[in-house]
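Note that ligands are numbered from 1 as they come in the structure, with each ligand's atoms numbered from 1 the same way. This is a predicted model, so every value here is computed, not measured.
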Amino acid sequence: MTTIFFCFLLPLFIAFSQTSPTTGADPTFVQSIKRNPMKLRAEKLSHLRFYWHDIISGPNPTAINIVQPPANKTTPYKFGAILMIDDPLTEKPEADSKLLGRAQGFYGQASQEEVGLLMAMNFVFSTGKYNGSTLTILGRNPIFEKVREMPVIGGSGLFRFARGYAKASTVTSDMKTGDAVVEYNVHVLHY
Ligand SMILES: *[C@@H]1O[C@H](CO)[C@@H](O)[C@H](O)[C@H]1NC(C)=O
Ligand SMILES: *[C@@H]1O[C@H](CO)[C@@H](O)[C@H](O)[C@H]1NC(C)=O
């Protein structure tokens with residue numbers, strides 16, 4: 001019996017007593033988070049369609065030029081120009097159709113060779129249960145292409161954790177004033 005203890009059990013006993021002190025206290029700089037802390041339901045895909053009205057002309061513009069490229073650096077495509085926008089989003093292409101929200105942010109001419117805008121805007125919805133929820137767009141918009149795709153990089157409210165894409169296509173544009181109506185089709189995954 002004693003022989004068995006010394007030959008087999010003692011080495012085991014020593015091995016176990018040596019491993020435990022090396023683990024030490026639990027480190028606190030890493031904390032595991034429950035996978036579903038907010039009791040999120042299954043992720044769903046939503047399709048939104050609305051019309052974006054960019055009004056530059058007239059007494060109540062919704063897009064104003066806030067940055068002009070330096071006069072001696074002006075290129076044919078106004079590289080460097082930036083407009084701040086607070087554009088209405090409506091249910092139909094007509095400006096007097098139901099207001100769904102606004103597109104707030106800015107766009108700038110980021111290409112020297114063509115019209116290629118950098119769009120940075122939040123869609124702020126104001127209707128029904130979506131009132132106050134937002135989606136954020138950050139992407140490239142070469143406005144003379146028929147369909148332009150831009151990433152949806154996030155959202156808030158009912159659109160928390162949103163990710164997806166928006167496709168923009170011009171409905172009407174006035175070359176003289178710059179006013180435009182653009183259809184947005186947005187697909188987003190959210191909870
Ligand atoms: C462009 O204009 C700025 C100020 O208006 C001036 O400082 C600069 O030297 C000019 N550059 C050229 C290349 O003329
Ligand atoms: C949307 O929310 C704002 C602020 O909470 C509130 O003032 C407004 O009446 C709401 N609008 C609608 C249409 O529910």
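Using a heavy-atom distance under 4.0 Å as the criterion, the protein contacts of ligand 2 are S126, N131.
Q68 places no side-chain N or O within 3.5 Å of a backbone atom of A81 that could act as its donor or acceptor partner.
Under the 3.5 Å distance criterion, with hydrogens and angles disregarded, no donor-acceptor pair is assigned to the side chains of R49 and N185.
Between G80 and V67, the shortest heavy-atom distance links the atoms O-CG1, 3.6 Å.
Between F159 and H190, a ring centre-to-centre spacing shorter than 6.0 Å is recorded.
The hydrophobic cluster containing V115 does not contain L118, counting ILVMFWY residues as joined when their side-chain heavy atoms lie under 4.5 angstrom apart, directly or transitively.
Classification of E145 and R140 as a salt-bridged pair fails, no side-chain N sitting under 4.0 Å from a carboxylate O.
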